[in-house]
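Beneath this line is the structure, given in structure tokens, with notes to follow.
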Amino acid sequence: MSILFEETSIGAMRLANRFVRSATYESRAAEDGGCTPELAEFIAETARGGAGLVITGHAYVMKNGKAGPGQTGVYGDELIPGLKQVAEKVHEAGGKVALQLSHAGGNTRPEWISGPMLAPSTFRSLHGEMAGQMSAAEIEETIEAFVRAGVRARAAGFDAVQLHASHAQLLHQFISPFWNRRTDAYGGSTEKRLRAVAEICGGLRRELGAGFPVLVKLSSGDFMEGGLEVVESARIAKRLCEAGTSAIEVTGGSRYPGAVPHIRSGIVSEKDEAYFAENALRIKAQIDAPLILVGGIRSFGVAESLVERGVADCIAMCRPFICEPHIVKRWKSGDRSRARCVSDNRCFFESYRAPPLRCLRGDGIA
Ligand SMILES: Cc1cc2nc3c(=O)[nH]c(=O)nc-3n(C[C@H](O)[C@H](O)[C@H](O)COP(=O)(O)O)c2cc1C
């Protein structure tokens with residue numbers, strides 16, 4: 001049997017195999033962020049298709065942290081019953097599920113949020129609007145909101161939570177020297193830029209206990225001048241694991257102008273795949289916790305070799321699961337041909353323009 005189908009663990013969470021559905025913004029929630037039956041079905045389908053761990057799309061922990069239409073919310077207790085449907089359906093399918101906790105920071109639009117657009121330092125969003133600099137009190141309020149959201153996730157039956165500290169979302173904006181230009185306790189040295197994330201991790205540990213898995217999706221580099229570099233990111237990963245993080249998912253880049261994107265297109269051969277593997281190796285050398293690798297993995301052989309060579313413990317994919325929610329089952333059944341996803345990113349852009357998220361392969365949309 002392939003090493004990919006071996007059982008594995010993240011903290012106390014047992015996984016049936018090493019396949020992870022990386023967080024995927026589903027754009028299927030109600031206007032207030034509440035889970036809909038359609039959203040629960042969409043998430044559970046990947047668990048039915050054999051993924052050992054399914055990570056939900058980023059869920060906003062505060063109403064001023066929403067990143068797009070139809071995004072799932074986890075900012076209030078009234079959202080727990082809807083979230084329960086997601087956890088129940090994934091469990092019925094025999095899978096495990098983590099809720100990704102997020103805040104868009106300056107990476108949003110005024111019409112998607114209530115309250116002002118805020119970021120660690122003033123920030124020009126992808127859409128050209130300016131976000132203001134957060135006060136220390138606003139930072140503390142946001143840290144608390146992440147912790148309360150983690151408590152809600154557990155109350156709703158989720159097996160784990162993941163902090164979204166990548167792709168130019170708020171926690172990444174704090175970590176990166178490109179976006180964080182503060183000179184107070186939350187900016188400057190690595191330790192200070194990491195402080196908000198470390199305090200959230202500490203708060204989650206305090207509230208959820210030692211055994212509950214807290215994962216972090218971490219940028220391994222911004223790939224732009226003045227941004228986060230892998231050497232610093234590896235130090236951050238080490239520090240997060242010392243603070244009790246259960247697993248690090250390695251990604252990098254963003255859609256910010258000038259950066260290398262985290263969702264690359266043109267993945268046509270095996271050498272284009274696993275585009276953060278080198279950074280993962282640098283991070284793996286610094287941590288004992290499991291490392292999940294995402295980014296362009298499309299071939300069974302590439303995935304297997306990444307685990308066999310010790311680059312990663314788990315293999316995460318996003319776009320291949322949108323195209324083929326049952327790809328793990330297919331590979332397990334013996335059909336090991338490459339993922340059918342063509343990585344043209346039309347699914348991503350259309351999910352904002354004309355939700356809900358779906359695979360657009362072959363439907364003729366230009
Ligand atoms: C439609 C779409 C939605 C995404 N939503 C999220 C998200 O909510 N949170 C997140 O951390 N990454 C998100 N990503 C990024 C993916 O999780 C993943 O890091 C990236 O697509 C690279 O992996 P892949 O080559 O397997 O698609 C999204 C990507 C796509 C294409």
Side-chain angles (χ1 to χ4, degrees), residues 19-29 33 39 42-43 46 51 53-61 65-74 98-104 107-108 161-172 215-220 248-255 259-268 270 272-277 279-280 292-299 302-303 306 312 314-325 327-328 338-361:
F19 287 103
V20 175
R21 185 193 80 157
S22 199
T24 305
Y25 159 61
E26 306 90 355
S27 55
R28 279 177 166 73
L39 171 65
F42 183 80
I43 294 171
T46 316
L53 174 64
V54 177
I55 304 175
T56 67
H58 55 166
Y60 56 106
V61 302
K66 187 171 179 175
Q71 189 189 356
T72 308
V74 60
L99 187 70
Q100 191 184 55
L101 308 179
S102 188
H103 188 299
N107 220 337
T108 184
V161 291
Q162 183 184 60
L163 297 180
H164 191 358
S166 44
H167 310 165
Q169 302 297 308
L170 180 75
L171 300 184
H172 181 198
L215 287 60
V216 176
K217 186 164 179 178
L218 181 67
S219 176
S220 63
I248 300 283
E249 181 176 351
V250 173
T251 179
S254 69
R255 291 182 49 238
V260 167
H262 59 288
I263 42 170
R264 296 194 191 163
S265 48
I267 309 169
V268 291
E270 291 193 358
D272 305 318
E273 294 191 30
Y275 42 75
F276 297 121
N279 282 3
I292 304 169
L293 180 60
V294 72
I297 302 167
R298 300 292 180 267
S299 306
V302 170
L306 286 164
C314 291
I315 296 298
M317 298 183 291
C318 166
R319 289 166 288 175
F321 282 120
I322 301 169
C323 183
E324 289 179 88
I327 187 171
V328 174
R338 195 174 192 273
R340 294 184 186 124
C341 171
V342 291
S343 311
D344 60 8
N345 292 335
R346 288 188 304 162
C347 58
F348 182 87
F349 293 109
E350 284 295 303
S351 70
Y352 286 86
R353 209 188 58 82
L357 170 69
R358 62 216 183 276
C359 177
L360 294 159
R361 212 192 121 144

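Atoms within each ligand, like the ligands themselves, are counted from 1 in listed order.
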Ligand 1 contact by [X], heavy-atom criterion under 4.0 angstrom:
X	result
S351	no
E26	no
Y352	no

Can you check whether [X] has an N/O within less than 3.5 Å of an N/O in ligand 1?
X	answer
T251	no
H58	yes
I267	no
C347	no
H262	no
C318	yes
S166	no

Ligand 1 versus [X], non-hydrogen atoms closer than 4.0 Å: side chain, backbone, both, neither?
X	value
S102	neither
R319	both
R255	neither
I297	neither

Give the atoms of ligand 1, by number and element, whose distance to some non-hydrogen atom of [X] is under 4.0 Å.
X	result
P320	26 (O)
H167	10 (C), 11 (O), 12 (N), 15 (C), 19 (O)
Y275	22 (C), 25 (O)

Requested in this report: First locate atom OG of S343, then atom CZ of R361, and finally report the distance between them rounded to the nearest 0.5 Å.
Outcome: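 Going from OG on S343 over to CZ on R361, the span is 10.0 Å.
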**Prompt:** Just how far is it from atom CZ of R346 to atom CZ of R353, taken to the nearest 0.5 Å?
**Reply:**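 One finds 11.5 Å between CZ of R346 and CZ of R353.
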| task | May I ask you to identify the nearest protein heavy atom to atom 5 (N) of ligand 1, giving residue, atom name and distance to one decimal place in Å? | result |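 It is Y25 N, 2.8 Å.
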